[in-house]
S.K.: 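Below is one structure. I have some questions about it.
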Amino acid sequence: MNAVSLKIISFFNQAGGTGKTTLTQNLGYQLAQRRHRVLLVDIDPQASLTAFMGLEPFDLKKTIADSLLKDAPLPLHQNLHDVDLVPSNILLSAVEVQLHSVIAREWRLKQTLLTVQDSYDFVLIDCPPTLGIFSILSLVASTHEPIPLI
Ligand SMILES: Nc1ncnc2c1ncn2[C@@H]1O[C@H](COP(=O)(O)OP(=O)(O)OP(=O)(O)O)[C@@H](O)[C@H]1O
Ligand SMILES: [Mg+2]
């Protein structure tokens, strides 16, 4: 699968509790059952998706924060219920301030996702319930942006 057919989908709503994380997880699982290669990306410092997928956020040494700030390779947790996950934890919240002075910061997530574009058919991004930098990074990186409402 190449960059043209890769779908990067951000689940975004600035309101809290609208089903973003639940939908990211469940759609990812369903796509994987249909033999698509799926990467889930948790870009919410609340780390709900990371916890939903069975990881303990506080125990993680590497998260999406390292890739956004330091160009570290994406910390891929592979084959969790047939999908891969890039996790988050509460330390991501500090990145918001640190990214403030980075040139072209809006492209940081897109750039890091392009490094794994040949490995996946779908990248599903779980956004936080804010209009801050993490949602902007996600929306810039995305090919599709559904807005969950419940
Ligand atoms: N389709 C649905 N119907 C009813 N309840 C749902 C549905 N999807 C999720 N929920 C419930 O709604 C609550 C919030 O879901 P979820 O955590 O996915 O929302 P969220 O938008 O990611 O929240 P946040 O904005 O805090 O990140 C949870 O208790 C979840 O079980
Ligand atoms: Mg959520």
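Residue numbers start at 1 and run along the sequence shown. Remember, it's 1-based here, ligands and their atoms both numbered in the order they're listed.
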S.K.: Could you establish whether Ser48 and ligand 1 come within less than 4.0 Å of each other, counting only heavy atoms on the residue side?
M.R.: no

S.K.: In the protein, which heavy atom is nearest to atom 4 (C) of ligand 1, and how far is it?
M.R.: Ile150 CD1, 4.4 Å

S.K.: Among all protein heavy atoms, pick out the one at the shortest distance from atom 24 (P) of ligand 1; state its residue, atom name and that distance to 0.1 Å.
M.R.: Gly17 N, 3.5 Å

S.K.: Could any protein non-hydrogen atom be found less than 4.0 Å from atom 6 (C) of ligand 1?
M.R.: yes

S.K.: Within a distance under 4.0 Å of any heavy atom of Thr18, pick out the atoms of ligand 1 and give their elements.
M.R.: 19 (O), 20 (P), 21 (O)

S.K.: Take Ser48 and Thr21 through the test side-chain hydrogen bond (donor to acceptor under 3.5 Å, both in side chains) and record every step on the way to the result.
M.R.: CA-CA 7 Å; Ser48 305; Thr21 304; 4.7 Å; no

S.K.: Mark up the atoms of ligand 1 that fall under 4.0 Å of a heavy atom belonging to Gly16, in ascending order.
M.R.: 25 (O)

S.K.: Would you say atom 28 (C) of ligand 1 has a protein heavy atom nearer than 4.0 Å?
M.R.: no

S.K.: Identify the protein heavy atom lying closest to atom 26 (O) of ligand 1, giving its residue, its atom name and the separation to 0.1 Å.
M.R.: Gln46 NE2, 3.3 Å

S.K.: Checking the side chain of Asp42 only, and the main-chain atoms of Thr50 only, is there a donor and an acceptor separated by less than 3.5 Å?
M.R.: yes

S.K.: Taking Val83 as the fixed residue, which of Leu39, Leu31, Val38 is the one that meets the side chain to side chain contact (heavy atoms under 4.5 Å, CB included) rule?
M.R.: Val38

S.K.: List ligand 1 atoms under 4.0 Å from Asp44, heavy atoms only on the residue side.
M.R.: 27 (O)

S.K.: Is the backbone of Thr63 close enough, under 3.5 Å, to the side chain of Asp66 for a donor and an acceptor to pair up by distance?
M.R.: yes

S.K.: Does Pro148 offer a backbone N or O that forms a donor-acceptor pair with the side chain of Asn13 under 3.5 Å?
M.R.: yes

S.K.: Counting backbone and side-chain atoms alike, does Ser48 have an N/O/S atom under 2.8 Å from the Mg ion (ligand 2)?
M.R.: no

S.K.: Take atom CZ in Phe52; do more than 12 heavy atoms of anything else shown fall under 6.0 Å from it?
M.R.: yes

S.K.: Looking only at N/O atoms, are Gly19 and ligand 1 under 3.5 Å apart anywhere?
M.R.: yes

S.K.: Kindly identify the option in Thr130, Thr22, Leu23 whose heavy atom sits closest to atom 16 (P) of ligand 1.
M.R.: Thr22

S.K.: Is a side-chain N or O of Ser88 found less than 3.5 angstrom from the main chain of Ala47, in a donor-acceptor match?
M.R.: no

S.K.: Just by modelled atom types, is the Ala104 backbone N or O under 3.5 Å from a matching donor or acceptor in the Arg108 side chain?
M.R.: no

S.K.: I need the minimum non-hydrogen distance between Pro129 and Lys20, along with the two atoms involved.
M.R.: CB-NZ, 3.9 Å

S.K.: Tell me, which protein residue and heavy-atom name are nearest atom 25 (O) of ligand 1, and how many Å apart are they?
M.R.: Lys20 NZ, 2.8 Å

S.K.: Would you mind finding which of Leu49, Asp126, Thr21, Asn13 brings a heavy atom closest to atom 22 (O) of ligand 1?
M.R.: Thr21

S.K.: For the side chain of Ser93 and the backbone of Ile90, is there at least one donor-acceptor N/O pair under 3.5 Å apart?
M.R.: yes

S.K.: May I ask you to list the atoms of ligand 1 that are less than 4.0 angstrom from any heavy atom of Pro129?
M.R.: 25 (O)

